[in-house]
Colleague: 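Sending over a structure as structure tokens; questions will come in a sec.
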Amino acid sequence: GSNQMIEVKGKKVRGRLYPWGVVEVENPEHCDFIKLRTMLITHMQDLQEVTQDVHYENYRSEKLAINKRRAGAAVALGPSAAAGAVAAGAAKEGPPEEKDKILLEKEQELQRMQEMLARLQQQMQQQQTTQVAGANNVQSHHV
């Protein structure tokens, strides 16, 4: 490979040995490696800064905004919804619009289920009240 040291004209160089001769990796007449390495090292700091300052900050702010919306919606629905909303968002991958749509559908489903549960509880209370009133009427007739 290019990290192999070969002796050429009494001098050790990094290169590759071929049947027709030696390619010296660090010789600009043989290879563009020096120019490529210099360019990468020179622009590495720029690449790191752009990655940190632009790409990571965009990613971070997007995630914070999504989590804030998710937490706000979950708090509005109650504590049990908070865990479900976070789980629903974590389980789904895709663009933010798709995640928001899925989260909204889950929140609507949860709201419907809570309303149905409230109606069932109300019906059960009415039945119990009716049964107690009926039992009282039967007891008053026997007295």
Side-chain angles (χ1 to χ4, degrees), residues 1-9 11-141:
S2 60
N3 59 354
Q4 196 172 32
M5 298 301 285
I6 301 172
E7 190 170 329
V8 177
K9 298 180 187 171
K11 180 174 139 187
K12 292 254 184 193
V13 294
R14 190 177 314 258
R16 293 185 184 162
L17 180 62
Y18 292 99
W20 45 265
V22 175
V23 174
E24 297 176 33
V25 174
E26 295 176 340
N27 183 341
E29 293 178 6
H30 294 193
C31 184
D32 290 336
F33 174 73
I34 298 291
K35 292 176 184 175
L36 178 63
R37 182 177 65 186
T38 303
M39 183 193 69
L40 287 174
I41 291 171
T42 303
H43 296 291
M44 182 63 69
Q45 185 65 32
D46 292 341
L47 179 61
Q48 288 173 340
E49 289 173 4
V50 168
T51 300
Q52 175 67 30
D53 296 342
V54 177
H55 300 301
Y56 175 72
E57 288 303 322
N58 287 341
Y59 168 82
R60 183 177 165 275
S61 61
E62 179 182 312
K63 291 298 177 188
L64 287 172
I66 289 170
N67 287 341
K68 186 176 182 181
R69 284 194 305 261
R70 188 175 297 140
V75 168
L77 292 174
S80 63
V86 170
K92 304 293 181 192
E93 290 296 324
E97 299 82 25
E98 186 178 323
K99 289 180 186 178
D100 290 343
K101 180 182 174 192
I102 291 169
L103 180 60
L104 183 61
E105 290 171 358
K106 294 289 183 187
E107 290 169 354
Q108 290 171 345
E109 181 182 358
L110 181 62
Q111 183 68 32
R112 285 191 301 270
M113 292 175 83
Q114 288 175 336
E115 290 170 0
M116 185 170 53
L117 180 61
R119 283 193 303 271
L120 289 172
Q121 288 174 337
Q122 187 178 17
Q123 288 174 356
M124 288 175 61
Q125 284 179 339
Q126 287 175 348
Q127 287 176 353
Q128 287 176 345
T129 304
T130 304
Q131 288 174 353
V132 169
N136 287 340
N137 286 340
V138 170
Q139 286 178 355
S140 65
H141 290 301

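For reference, positions follow the sequence shown, starting with 1.
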Colleague: Do you know which two heavy atoms are closest between I34 and V25, and how far apart they sit?
Modeller: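 Where I34 meets V25 most closely, the heavy atoms are CG1-O, 4.5 Å.
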Colleague: One pair to check against side-chain contact (heavy atoms from CB on, under 4.5 Å): R14 and M5. What are the steps and the verdict?
Modeller: CA-CA 5 Å; R14 190 177 314 258; M5 298 301 285; 4.1 Å; yes
Colleague: Find the distance between CD1 (I102) and CD (E107) and round it off to the nearest 0.5 Å.
Modeller: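 Answer rounded to 0.5 Å: 12.0 Å.
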Colleague: Would you mind listing every side-chain hydrogen bond (donor to acceptor under 3.5 Å, both in side chains) that reaches into residues 37-46, with sequence neighbours excluded?
Modeller: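 Non-adjacent pairs meeting side-chain hydrogen bond (donor to acceptor under 3.5 Å, both in side chains): Q45-E49.
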Colleague: Let me confirm one number: the NZ-NZ distance from K106 to K101, rounded to the nearest 0.5 Å.
Modeller: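 The NZ atom of K106 sits 13.0 Å away from the NZ atom of K101.
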Colleague: Just do the side-chain contact (heavy atoms from CB on, under 4.5 Å) check on L117 and M113 with the steps written out, would you?
Modeller: CA-CA 6 Å; L117 180 61; M113 292 175 83; over 6 Å; no
Colleague: Quick one: are E105 and E109 in side-chain contact, heavy atoms under 4.5 Å?
Modeller: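 Not in contact.
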Colleague: Name the atoms and distances for all side-chain donor-acceptor pairs under 3.5 Å in residues 118-125, with sequence neighbours left out.
Modeller:
none

Colleague: Which heavy-atom pair separates I6 from L17 by the least distance, and what is that distance?
Modeller: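 Heavy atoms of I6 and L17 come nearest at CD1-N, 3.5 Å.
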Colleague: Less than 3.5 Å apart, which donor and acceptor atoms pair up between the side chains of residues 50-60 and the rest of the protein, not counting sequence neighbours?
Modeller:
residue, atom, partner, partner atom, Å
T51, OG1, L47, O, 2.8
N58, ND2, V54, O, 3.3

